[in-house]
Amino acid sequence: HAVSSPPATEGIEPAMATIRFGLSCASLACCLVALAALPAATADFTKGDIKITQPWARATPGGAKVAVGYLTLTNSGKVADRLIGGTALAAGTFELHDMTMTDGVMRMRRVEKGIEIKPGATVALKPGSLHVMFIDLKQQLKQGDTFKGTLIFEKAGKVEIEYEVAPIGAASPAGGAAKAEQRKNH
């Protein structure tokens, strides 16, 4: 009788299992690195019937004296409320502004009586529209940083919040690339 050698596949299964395990670990590591690179999700803040979602600001170049902030307000109550002001630790002055297009000219104006949030409504402060102006900046706003602030409502009162700083020219808090038109807007 001839002695046969072991089949060619013997010893391959443990090696393949080791390779599969190594690839799984590498895939997991890549996923963790990708997640770490994502901006932190901005927190939501609620007081009474008012919910504040994704407060964020655009980063500023060094020496800038003004910055712009955005957020979304939702009123789940049965009575209208109004955002009438606020503060920001990063700025000396907090103002509410609106941008409008008139005869092809973009105009920005201060909203003197605040921003009404009707019952059951959501109001977005976003690029090219309603927004917060931070005036007399005390520090440069750098991408990835956060800063604290307070919103003041007629009925809900004061709400402590935190703004996330997105890239210069960002169109969203996640730092999505802005369209050229949105980069021109505050």
Side-chain angles (χ1 to χ4, degrees), residues 36-48 50-75 81-102 104-117 122-186:
L38 291 175
T42 54
D44 293 344
F45 304 87
T46 303
K47 183 163 182 195
I50 301 295
K51 180 177 182 182
I52 300 109
T53 306
Q54 291 188 324
W56 66 284
R58 287 183 177 154
T60 58
K65 293 296 177 193
V66 297
V68 63
Y70 310 102
L71 47 92
T72 301
L73 304 168
T74 301
N75 182 351
D81 204 342
R82 184 176 295 274
L83 174 62
I84 56 173
T87 62
L89 290 181
T93 304
F94 174 108
E95 292 182 359
L96 299 169
H97 283 225
D98 192 11
M99 293 191 85
T100 57
M101 184 68 83
T102 307
V105 178
M106 185 67 76
R107 298 182 193 268
M108 183 173 64
R109 66 178 176 82
R110 186 173 178 183
V111 180
E112 298 292 338
K113 296 182 180 180
I115 299 169
E116 182 180 29
I117 311 105
T122 295
V123 176
L125 281 67
K126 60 186 180 180
S129 182
L130 294 167
H131 59 277
V132 173
M133 288 297 301
F134 303 113
I135 302 170
D136 296 325
L137 288 180
K138 298 175 183 176
Q139 65 193 49
Q140 180 181 2
L141 302 184
K142 296 180 182 177
Q143 178 181 342
D145 286 351
T146 61
F147 62 96
K148 295 191 180 301
T150 303
L151 298 180
I152 304 169
F153 295 87
E154 276 183 347
K155 294 184 176 56
K158 292 182 179 182
V159 183
E160 301 294 323
I161 65 169
E162 187 170 59
Y163 296 87
E164 175 185 310
V165 182
I168 291 175
S172 69
K179 297 177 185 172
E181 178 181 301
Q182 289 172 318
R183 285 190 185 132
K184 291 188 278 184
N185 300 335
H186 295 283

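Note that these values count all heavy atoms, side chains included, but never hydrogens, waters or copies made by symmetry.
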*Do I117 and T74 come close enough that some side-chain heavy atom pair is under 4.5 Å?*
no
*Hey, is the main chain of D81 close enough, under 3.5 Å, to the side chain of K155 for a donor-acceptor pair?*
no
*Any chance you could measure K51, atom NZ, to N75, atom CG, to the nearest 0.5 Å?*
13.0 Å
*Using a 4.5 Å cut-off on heavy atoms from C-beta on, say whether the side chain of I152 contacts that of L83.*
no
_Counting C-beta onward and ignoring hydrogens, is there a side-chain heavy-atom pair between T150 and V159 closer than 4.5 Å?_
no
*Might you work through the side-chain contact (heavy atoms from CB on, under 4.5 Å) test for Q54 and E164, ending with a clear yes or no?*
CA-CA 8 Å; Q54 291 188 324; E164 175 185 310; over 6 Å; no
*Report yes if the side chains of M101 and R107 come closer than 4.5 Å at any heavy-atom pair, otherwise no.*
no
_Test item: M99 and H131 side chains (from C-beta on) under 4.5 Å apart, heavy atoms_ = yes
_Any heavy-atom pair between the side chains of R58 and I168 that's under 4.5 Å?_
no
*Min side-chain heavy-atom separation Y70-P55 under 4.5 Å*: no
With a cut-off of 3.5 Å and sequence neighbours excluded, list every side-chain donor-acceptor pair involving residues 91-98.
unit_1, atom_1, unit_2, atom_2, d
E95, OE1, H97, NE2, 2.8

*Relative to the ring of F134, is the ring of Y163 parallel (under 30°), tilted (30 to 60°) or perpendicular (over 60°)?*
perpendicular
_Please evaluate residues L151 and I161 with respect to the criterion side-chain contact (heavy atoms from CB on, under 4.5 Å), reporting the C-alpha separation (whole Å), side-chain torsions for both, the decisive distance (0.1 Å), and the verdict._
CA-CA 7 Å; L151 298 180; I161 65 169; 3.7 Å; yes
_Side-chain heavy atoms of I52 within contact of L73, under 4.5 Å_ = yes
*asked:* Return the CG to CG distance between L125 and L130, rounded to the nearest 0.5 Å.
replied: 5.0 Å
*Nearest heavy-atom neighbours spanning A166 and S172*: CB-O, 3.8 Å
List the atom pairs, with distances to 0.1 Å, where a side-chain N or O of residues 135-146 and a protein N or O form a donor-acceptor pair under 3.5 Å, not counting sequence neighbours.
unit_1, atom_1, unit_2, atom_2, d
Q140, NE2, T60, O, 2.9
T146, OG1, E162, OE2, 3.3

*asked:* To check you understand the geometry: which heavy-atom pair defines the closest contact between P127 and A171, and what is its length?
replied: CG-O, 3.9 Å
